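Structure record follows, encoded as structure tokens.
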Amino acid sequence: MASVFMSPVSVWAPTNPRLRRTPSTSTSMFVSLASSDSQPPSEDLYPETTGDRSRKDRRRVVRLAWEKLVRWSRSWRSKTKTDVLEPMAAHVADRKAQLEVHMLVRDPQVCRSINESNFNCKYLPKHKLPENVIATTDAKSALLSADYCLHAVPVQFTSSFLEDIADYVDPSLPFISLSKGLELNTLRMMSQIIPQALRNPRQPFVALSGPSFALELVNKLPTAMVAASRDQRLANATQQLLASSHLRISTSSDVTGVEIAGALKNVLAIAAGIVVGMNLGNNSMAALVAQGCSEIRWLATKMGAKPTTITGLSGTGDIMLTCFVNLSRNRTVGVRLGLGEKLDDILCSMNQVAEGVSTAGAVIALAQKYNVKMPVLTAVARIIDNELTPKKAVLELMSLPQVEEV
């Protein structure tokens, strides 16, 4: 029996004592989307800058960005990543009819729709789910006897969500994370957030990433992804769980590289969208994406990643898909910014989360912390914070000193 735990954007407050899962032959995936009002970032995370930006100004900018993030979270509460989770749940369930894939949902109507007709009446009404996909609104039952947990809660809300359901999570339950981004108030990656939120530093973890639009996956078009874990046996097990005739899964031990590339490619996609929105042409797009790839590689290697990861499937591969295809949410945000729309209006009109918006807030702090120059990604962060217009950002980037390519 397999189960996929798919959760809505809400805060769960379980009161039951810790539930130990019983041994079984099942496979479980835990997928969740939660939100909360988090605390502002610690100012100690952001070192003093040099030049024309004082420490006081930096604190003000960071606090303003955080206040915007909390404000946007009000709209994010009603947004889910069902576009990611449901196709993956269907994919696993479709591989073996004897598996039971459990999805945790918030909406009782959606729960009934899935269980009675095998259709999600709200999010993907045209795609029939396999009969062995079972919806539930109960986190405890979704996690009972689970062997895997597929997790796709937006990064900014993962910690609070998991803290509230930690009593139901077995210490040996592997988490396969589809979420891409960095926690704004701590700069943590998902591989750090999940074990800390569950109060278990040894919680098994896999980062699943790569160029993979969910609609193409559900239509069984050829797709390739990377499963990264510091535990090679767990990476191999994930590969065996997910690989099929239309989905290739490569394994990697470079969790940092896969996560950083997956997080920052969303910020770069916003920049690519701005180029489209401003109608700057193909030359500009090629130059910007090449520069952005270099910036991601510089930072990732400083953080301990392998350069080959950044030039591989979960790096360059994912960047190409997100930057060049109009199905990308983050690219769409950039296009609309380039057309002159206000960020608040863009986010309020979207029914899904664009992780690059919040991740951009961590770029400046990371660049300072690791002493890496990242002009393109930093420009996106400043546009998001309303410090810079797209037009002025282009002028600044084109006015940078002429340098030797590295």
Side-chain angles (χ1 to χ4, degrees), residues 4-5 29-33 81 84-85 88 91-92 148-159 161-162 169 173-183 186-198 200-212 214 217 223-243 247-267 296-297 299-301 303-319 321-322 353 355-356 358-359 362 366:
V4 174
F5 175 25
M29 291 189 299
F30 164 69
V31 182
S32 46
L33 292 160
K81 280 193 176 179
V84 175
L85 305 180
M88 190 61 73
H91 171 76
V92 174
Y148 292 92
C149 166
L150 186 62
H151 178 91
V153 178
V155 173
Q156 307 307 323
F157 310 125
T158 284
S159 185
F161 177 83
L162 292 182
V169 178
L173 177 64
F175 273 67
I176 303 172
S177 175
L178 292 174
S179 303
K180 299 176 182 179
L182 298 166
E183 193 174 54
T186 65
L187 308 183
R188 293 184 299 175
M189 298 176 287
M190 290 298 293
S191 57
Q192 299 166 313
I193 296 171
I194 289 176
Q196 291 177 23
L198 295 175
N200 178 17
R202 295 188 178 183
Q203 194 77 42
F205 176 85
V206 179
L208 186 65
S209 190
S212 50
L217 181 62
T223 302
M225 302 181 73
V226 175
S229 178
R230 295 182 179 91
D231 182 343
Q232 186 61 50
R233 289 180 298 179
L234 179 56
N236 292 339
T238 303
Q239 183 183 56
Q240 294 300 313
L241 174 69
L242 300 178
L247 177 60
R248 287 185 56 82
I249 301 291
S250 301
T251 62
S252 172
S253 61
D254 187 7
V255 176
T256 297
V258 169
E259 288 205 87
I260 289 298
L264 297 189
K265 62 95 180 180
N266 287 330
V267 182
I296 293 173
R297 186 183 75 250
L299 177 64
T301 52
M303 296 177 69
K306 300 175 182 177
T308 51
T309 300
I310 309 306
T311 57
L313 189 63
S314 60
T316 302
D318 211 357
I319 289 169
L321 184 72
T322 311
V353 176
E355 290 277 23
S358 53
T359 302
L366 281 172

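Counting begins at 1 with the first residue of the sequence. Not measured: the values here are computed from a predicted model.
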Could you check if a side-chain atom of Val153 sits within less than 4.5 angstrom of a side-chain atom of Leu162, using non-hydrogen atoms only? no
> Can you find a heavy atom in the side chain of Leu208 that is under 4.5 Å from one in the side chain of Met88?
Replying inline: yes
Residues 233-242 vs side chain to side chain donor-acceptor pair (under 3.5 Å), sequence neighbours excluded, gives Gln232-Asn236
Legend entry - Ser177 backbone acceptor or donor facing Ser179 side chain under 3.5 Å: no
Partner of Thr309 under side-chain contact (heavy atoms from CB on, under 4.5 Å), picked from Thr256, Val255, Val258, Thr301, is Val258
Across all chains, not counting sequence neighbours, the side chain to side chain donor-acceptor pair (under 3.5 Å) partners of Thr322 are Lys265
Between the CD1 atom in Ile193 and the CG atom in Leu198, the distance rounded to the nearest 0.5 Å is 11.5 Å
* Quick one: does Ser229's side chain have a donor or acceptor within less than 3.5 Å of a partner on Phe205's backbone? -> yes
Inset, instruction - Dump the intermediate steps for side-chain contact (heavy atoms from CB on, under 4.5 Å) on Gln203 and Val169, then the final yes or no. - result: CA-CA 10 Å; Gln203 194 77 42; Val169 178; 3.9 Å; yes
Heavy atoms of Ile296 and Ala261 approach each other most closely as CG2-CA, 4.2 Å
In this structure, NZ of Lys180 is separated from OG1 of Thr359 (nearest 0.5 Å) by 11.5 Å
Glu183 meets the salt bridge (Lys or Arg N to Asp or Glu O under 4.0 Å) criterion, sequence neighbours left out, with Arg188
The side-chain contact (heavy atoms from CB on, under 4.5 Å) partners of Ala224 (sequence neighbours excluded) come to Arg248, Leu313
Taken to the nearest 0.5 Å, the spacing of Leu264 CG from Asp318 CG works out to 11.5 Å
Taken in chain and number order and not counting sequence neighbours, the residues that satisfy side chain to side chain donor-acceptor pair (under 3.5 Å) with Ser191 are Glu259
- Task: Walk me through it: do Val92 and Leu242 pass the test side-chain contact (heavy atoms from CB on, under 4.5 Å)?
- Result: CA-CA 6 Å; Val92 174; Leu242 300 178; 3.6 Å; yes
Distance col, row Met225:CE vs Leu217:CG, nearest 0.5 angstrom, shows 7.5 Å
Applying side chain to side chain donor-acceptor pair (under 3.5 Å) to Ser159 and not counting sequence neighbours gives Glu163
- Query: Donor-acceptor pair, Thr316 side chain versus Ile310 backbone, under 3.5 Å?
  - Reply: yes
Those residues at least two apart in sequence (or on a different chain) that pass salt bridge (Lys or Arg N to Asp or Glu O under 4.0 Å) with Asp254 are none
Query - Step-by-step side-chain contact (heavy atoms from CB on, under 4.5 Å) determination, Val206 to Asp231 - result: CA-CA 9 Å; Val206 179; Asp231 182 343; over 6 Å; no
The reported gap from CE in Met190 to OG1 in Thr158 (rounded to nearest 0.5 angstrom) is 3.5 Å
Taken to the nearest 0.5 Å, the spacing of His151 NE2 from Leu178 CG works out to 9.0 Å
Looking only at heavy atoms, the pair that brings Thr311 and Thr308 closest together is OG1-O, 3.2 Å
| query | Quick one: are Leu187 and Leu366 in side-chain contact, heavy atoms under 4.5 Å? | reply | yes
